[in-house]
Amino acid sequence: MGEKHHSRMAELAKTYDPKATEERWYASWLAGGYFHADEHSSGPHFAVVIPPPNVTGVLHMGHVLNNTLQDILARFHRMDGCATLWMPGTDHAGIATQNVVEKQLAKEGLTRHDLGREAFLARVWQWKEEKGGVIVRQLQRLGASCDWERERFTMDEGLSRAVREVFVRLYEKDLIYRGQRIIHWCVRCHTALADEEAVTTEGGEASSLWHIRYPAEDGGAGLVVATTRPETLLGDVGVAVHPDDTRYQALLGKQLMLPLMQRSIPVFADTLVDKEFGSGAVKVTPAHDANDFEMGQRHHLEPLCIMDSQGIITAAGGAYAGLDRFEARKRVVADLEAQGLLVKTEPHRVPVRRCYRCETIVEPALSLQWFVKMAPLAVPALAAIRDGSLRLIPDRWTGVYLHWMENIRDWCISRQLWWGHRVPVWYCDRGHEFAARTDPSLCPTCASTAIEQDPDVLDTWFSSWLWPFSTMGWPDDTATLRRFYPTDALVTAADIIFFWVARMVMAGYELLGECPFRDVYLNSIVRDGQGRKMSKSLGNSPDPIDVIDQYGADALRFTVVSIAPVGQDVRFDTERTEFGRNFANKIWNAARFALMHLEADERSPHPDPLPAGEGTVLAAAAATSLPDRWILSRLQGVIDEVRGALAAYRFNDAASALYRFTWGEVCDWYLELSKPALYGDDEAAKAGVRRTLLTVFDQTLRLLHPFMPFLTEEIWQALPMTRPTASICIAPYPLADAAQRDDAAEARIGELIAAVTAVRNIRAELGIPPSTPVTVRIAAEGGGERVRAIEGFIRTLAKASAVEVLAAERPSGEPSAVVPGLGEVFVPLRGAVDPAAVRERLEKDLGKVEKELTGVDGKLGRPDFVDKAPPDIVDKERQKAAALRERRATLEKHLAVLRAA
RNA sequence: AGGCACGUAGCUCAGGGGGAGAGCACUUCCCUGACACGGAAGGGGUCGGCGGUUCAAAUCCGCCCGUGCCUACCA
């Protein structure tokens, strides 16, 4: 510990180690209560609710992106002075959770029926307490700044009360009803599913189209129907043809003999039939197909159910009773073939719907279920998007939303499960039905005590659609609701626009008269390196926790945000995280450099660069040197860029602006430019640079904080300055200060960069090693003042022994480059290198100039261009041509000298 | 079938009517006292194809090809 003043340096390893910081800072943020949103606060506010992950869920890359974006918004607004609420919680996920526990039971050789409803539910709760919510801890690893004190669960007491209240209200308004409908039935989960939960396989699945002859009852030929589901023939009650179809006019109204079943069924006309498809004749099975059900109703045909809840053919299926639906299909086809009634079988792709939870093929089934009448609820939800009070970003999703809303169908909300909110409807022994907010003991109509509650539970989404306000205490009129509702933004994936987003909008209007959020940002879908959707079955989804362990949470966050442009899917490969890891390490090392110099001087403690408690930056007055003025000016530029990008949800643009500034300007140039002063003897110059360093780091870290919370806190806390707040989490977000914009400084440093690059380029191309000193000569435009302002920096950065301003005469036969605004930069090398190499370089330059000149002259040669293009554009081209001509002349002169020699 | 999006450097992708960009990969040089998870300098693209609008098109429009996604009552 000899160098005691460098103790902090000793702590800072050469590479950043996320493991050493992340856990510590997260704990300190929680302890500090920074994420808690105070409902009694005043001033601006910002609220966002998390799309509640399933309690059964584990973090995947989609969550990482989604929650990082929310965290960026939350942290940004929190720093920007808003009382910020990021509402967290989990979803009880009816089917998914029930499946998990049923699987567990299966290992013990039990089914839920062995336990009974009550014991089973106890078992699910037990599972939830022990194993559920892993994802919440995983979100914390990611750095999510949720208000965990408010964490909710869709089955907790408050939310259950909200669900019940909504059901009863809608029931009383006749917006909830019970009816016999064709719904999607999962024969494995044993429950009804909403339309959205029965997913169609892309492009259909390989199957066949069977053409079957149905003879006429009177012994005639009858007709041929085409079907993809021959087994449902057992439940046919008729055959439909298009009314205009000339082929079947004679058969209309006649009876056919249903094969295998020997039942007489009618032929009728319905416009739903497509003449072009198959034979133009459709077998009608009202109990097992939604369209057939419609036609059956129109033509007063009684549905005939031939399948039970497990997909087994019932007694109504005659000889086929007891067979599984697919076995029955084989047998039916075989029997038809044996009887010569199978006309042909052709390969056909069938749109098959599968259960979104277990992927079992779903069965359209006629069943008594509860529905929400959606059309009235859609009215304000449509108006909201049309009048702009609700925005979808990117807005191309608006069309998708509108289409769904305009063609909305009633929502089947009952599920034949046990895990979920139970339908709050009771039936009494005298046939009365009623909904109740609290569990009743007798029938309100007849006072009978023989009452029974509906056994079904509600669709999981029936609690999710209330999420934005149920989590804030609704139906009570709470301070939280008044302060934070409606929320500002919703960040979610587009695949749940219908399941969730659209329904929340409807619920918000129906129950609170307001849209629950203003902006809906639909984030990218994260795919694997080959563009495939990440899925468990493919095993192509990296475990984000492993990635965090390997690279750090900040690295993962920054990478994911950087590669996710608005509205485009992203491809993620674990190795891509190196991008963020490298950036984090770069920042870390830049900070080591800064801290080394900031702490090296104990005699002159640094002034606090922060005006007390404000988000503005240090007055420009302190910055005197050119590089200082430049970097502070550039800082204002990034601040505006980042703020602008965030306001437009252009997260990747914000990230890239920060990356370019931090790495490409601060590290690549400013730190290098600061070295002459820092390593020099001029104490005043040193102090100025140190102050700028401190300001730049303080401000840049704050800008970066929402993206890389851990690293920025770690470094910020190490900066030797008076901090306005205990944590960077709540430090004011930088606000650009126009007074610190300095166009002149930006121009001068721009020239410096160009000049240094030019010299380096010449060195590299001509093979002059850094150890060989060169003299740089500059034929300056308009005097040598600009050169003299930067010559010291050129000398250091270009490793030049001297920088000279040329008088009238210019060197001949030497490599050079033109730096607009500064002049022509020469690196005299005669004698030091092979003249042939110099000539080669000059010829290459000349070639480039000629090529460019040809283009520009061509443009200027067209009268249309000169006449019609805007004058400033023409002017620019003319200036370009002039400069190129001059450059060409110079190069030719140099070459002439070389060739002569 | 319809709708939407995408097709830009070897790879992954930004950009978007008047100078073709980034990261990775590649070539050459450099372990220079923040950083080799680094530095310096480079090579590489007729911006999917064909037409159109325009003084000017990678950028706007149309068609085509390819890819992906969403929606749908083709039994």
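Chain A is the first sequence line, chain B the second, and so forth, proteins listed ahead of strands; every chain is numbered from 1. Bear in mind that the values here come from a model prediction, so they are computed numbers and not experimental data.
E641(A) places its CD atom 14 Å from the P atom of G15(B), with the value rounded to the nearest Å.
Of the candidate nucleotides G38(B), A41(B), C55(B), A41(B) has the atom nearest to the side chain of A764(A). The nucleotide whose nearest atom lies closest to any side-chain atom of W663(A) is, among G39(B), G18(B), C35(B), G39(B). When the nucleotides G33(B), C55(B), U12(B) are ranked by their closest atom to the side chain of Y679(A), G33(B) comes out on top. Side-chain atoms of V282(A) lie closest to A75(B) of the nucleotides A34(B), C35(B), A75(B). Residue N582(A) places its side chain closer to C37(B) than to any other of G19(B), C35(B), C37(B). With distances taken from any side-chain atom of R396(A) to the nucleotides C4(B), A34(B), C73(B), the minimum falls on C4(B). Listed nucleotides: A75(B), C35(B), G18(B). Nearest to the side chain of E877(A): G18(B). Looking at the side chain of R409(A), the nearest of the listed nucleotides C73(B), A75(B), G38(B) is C73(B). Out of G38(B), A75(B), A34(B), the shortest distance to the side chain of L671(A) is found at A34(B). Looking at the side chain of A869(A), the nearest of the listed nucleotides C55(B), A75(B), G39(B) is C55(B).
At the heavy-atom level, K844(A) lies nowhere under 4.0 Å from the strands shown. A590(A) comes within contact range of at least one nucleobase, with a heavy-atom separation under 4.0 Å. Here H211(A) lies out of heavy-atom contact (under 4.0 Å) with every strand. F498(A) comes within 4.0 angstrom of the backbone, heavy atoms only, and of no base. Nucleic acid contact class of T15(A) (heavy atoms, under 4.0 Å, all strands): base. Residue-level contact check: D867(A) touches neither bases nor backbone, having no heavy atom under 4.0 Å from any strand. Nucleic acid contact for V225(A): none, since no nucleic acid atom lies under 4.0 Å from a heavy atom of the residue. Residue K876(A) is classed as having no contact, given no heavy-atom separation below 4.0 Å to the nucleic acid. At the heavy-atom level, P870(A) lies under 4.0 Å from base atoms of the strands shown.
Annotation: cation-pi pair K586(A)/Y16(A) absent, no NZ/CZ under 6.0 Å from the ring centroid and within 45° of its normal.
Contact of K586(A) with C35(B) (side chain to base): a donor-acceptor pair of N or O atoms is detected under 3.5 Å. Judged by distance alone, with hydrogens and angles left aside, E672(A) brings a side-chain donor or acceptor within reach of the base of A34(B), the pair sitting under 3.5 Å. Between the base of C55(B) and the side chain of R862(A) there is no donor-acceptor pair shorter than 3.5 Å.
With a cut-off of 3.5 Å on both pairing distances, A34(B) has no Watson-Crick or G-U wobble partner at all.
In this structure, the side chains of L694(A) and P720(A) come closer than 4.5 Å at one or more pairs of heavy atoms.
No hydrogens or angles considered: a donor-acceptor pair under 3.5 Å links the side chains of T285(A) and D236(A).
Classification of the F651(A)-Y521(A) ring pair by plane angle, with boundaries at 30° and 60°, yields perpendicular. Classification of the W663(A)-F583(A) ring pair by plane angle, with boundaries at 30° and 60°, yields parallel.
Taking atom C1' on both nucleotides, C13(B) is separated from U67(B) by 15 Å, rounded to a whole Å.
By the neighbour-count criterion of 12 heavy atoms within 6.0 Å, atom CD of E840(A) is sparsely surrounded, having that number or fewer from other residues, nucleotides or ligands.
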